[in-house]
Amino acid sequence: MKYIFFYLSFFLLINTSLLYSQSSKQWLKREFRHIVINDKLWIGTPNGLYQYHPDEDIWTVYGTHTGLPANDIKQLQWDGEFLIVATSEGVALGDINLNKWLSYNAENGLPSNNVLSLTFQEDYIWIGTDKGAARYDKLIQEWESF
C-alpha cells in the first residue's frame, strides 16, 4: 500500500509539472564584431567600440566622445596601419598607436553615411555605401568617390 501511494504521488507530481511547467525566456543571441590587434581585443557594439588590455585587465571605451562618427559599430577591419571602423554615421580610421581618430561622413568625403562594406588594398581603403563607392588614398589623405 505504501508503494502504491508513492507511485501515485510520483505520477501526479510528474503530470502536474507537465501541466504547469516552468517557463524560460529566450535571450537574443548577440554576436559583436571583434578583432585582435597586437594582443588586444577590440569589440564593436551598438554602444561603442571596446578595447580590452589583457596585461592590465582593463577596458577602454571609444565612441563619439573620442572622435568616432557614431557609437553604433557595424564593421571592423585592420590594414596593418589603421583600425577601420564603419558606423551608422560614417567611418573612422584609427591610429591605435597614437590613439588618434579621423572621422569621415557624407559631409567630408563619403558618398553616404550608410557604410555597407569596407576593405583595403595596399595604400587604399575602399568603402561601399548605398550611394556609391569611395576610395581613401592614405598617402595624400583624400577620398575619391565612384
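All heavy atoms count here, side chains included; hydrogens, waters and symmetry mates do not.
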So how far is it from [X] [atom1] to [Y] [atom2], rounded to the nearest 0.5 Å?
{"X": "Asp79", "Y": "Thr119", "atom1": "CG", "atom2": "OG1", "value": "9.5 Å"}
{"X": "Gln51", "Y": "Asn99", "atom1": "CD", "atom2": "CG", "value": "8.0 Å"}
{"X": "Leu49", "Y": "His34", "atom1": "CG", "atom2": "NE2", "value": "13.0 Å"}
{"X": "Leu76", "Y": "Ile37", "atom1": "CG", "atom2": "CD1", "value": "8.0 Å"}
{"X": "Leu110", "Y": "Lys131", "atom1": "CG", "atom2": "NZ", "value": "12.0 Å"}
{"X": "Trp59", "Y": "Leu41", "atom1": "CH2", "atom2": "CG", "value": "5.5 Å"}

Indicate, with yes or no, if [Y] and [X] share a hydrophobic cluster defined by side-chain heavy-atom contacts under 4.5 Å among Ile, Leu, Val, Met, Phe, Trp and Tyr.
{"X": "Leu116", "Y": "Val91", "value": "no"}
{"X": "Leu139", "Y": "Ile125", "value": "no"}
{"X": "Trp143", "Y": "Ile84", "value": "yes"}
{"X": "Ile73", "Y": "Trp101", "value": "yes"}
{"X": "Ile140", "Y": "Leu93", "value": "no"}

Give me the one residue out of Leu118, Leu102, Asp123 that meets side-chain contact (heavy atoms from CB on, under 4.5 Å) with Tyr136.
->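 The option that passes is Leu102.
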Quiz prompt | Member of Asn105, Thr129, Ile127 meeting the side-chain contact (heavy atoms from CB on, under 4.5 Å) criterion with Ser112 | solution =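 Result for side-chain contact (heavy atoms from CB on, under 4.5 Å) with Ser112: Thr129.
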Heavy-atom pair of closest approach, residues [X] and [Y]:
{"X": "Gln77", "Y": "Ile35", "value": "C-CD1, 4.2 Å"}
{"X": "Ala86", "Y": "Val115", "value": "CB-CG1, 3.7 Å"}
{"X": "Ser145", "Y": "Gly109", "value": "OG-O, 3.7 Å"}
{"X": "Leu68", "Y": "Ala92", "value": "CD2-CB, 3.4 Å"}
{"X": "His53", "Y": "Lys40", "value": "ND1-CE, 3.3 Å"}

- prompt: Taking it one step at a time, do Arg135 and Asp137 satisfy salt bridge (Lys or Arg N to Asp or Glu O under 4.0 Å)?
  reply: CA-CA 6 Å; Arg135 179 179 72 179; Asp137 188 328; 5.8 Å; no
- Query: Which residue, Tyr50, Phe32, Tyr62, Tyr52, forms the ring pair (Phe, Tyr, Trp, His ring centres under 6.0 Å) with Trp42?
  - Reply: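 That would be Tyr62; it is the only one of Tyr50, Phe32, Tyr62, Tyr52 passing the ring pair (Phe, Tyr, Trp, His ring centres under 6.0 Å) with Trp42.
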A quick test of your reading: do over 12 heavy atoms of other residues, nucleotides or ligands sit less than 6.0 Å from CG of Asp39?
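No.
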Open item on the list: If you count every heavy atom of other residues, nucleotides or ligands that lies below 6.0 Å from Glu56 atom CD, does the total exceed 12?
Closed with: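 Enclosed: over 12 neighbouring heavy atoms sit under 6.0 Å from CD of Glu56.
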Do the side chain of [X] and the main chain of [Y] share a donor and acceptor less than 3.5 angstrom apart?
{"X": "Asn108", "Y": "Ser103", "value": "yes"}
{"X": "Asn71", "Y": "Thr64", "value": "yes"}
{"X": "Arg33", "Y": "Lys74", "value": "yes"}

Are the ring centres of Phe82 and Phe120 closer than 6.0 Å?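 No; Phe120 has its ring centre 6.0 Å or more from that of Phe82.
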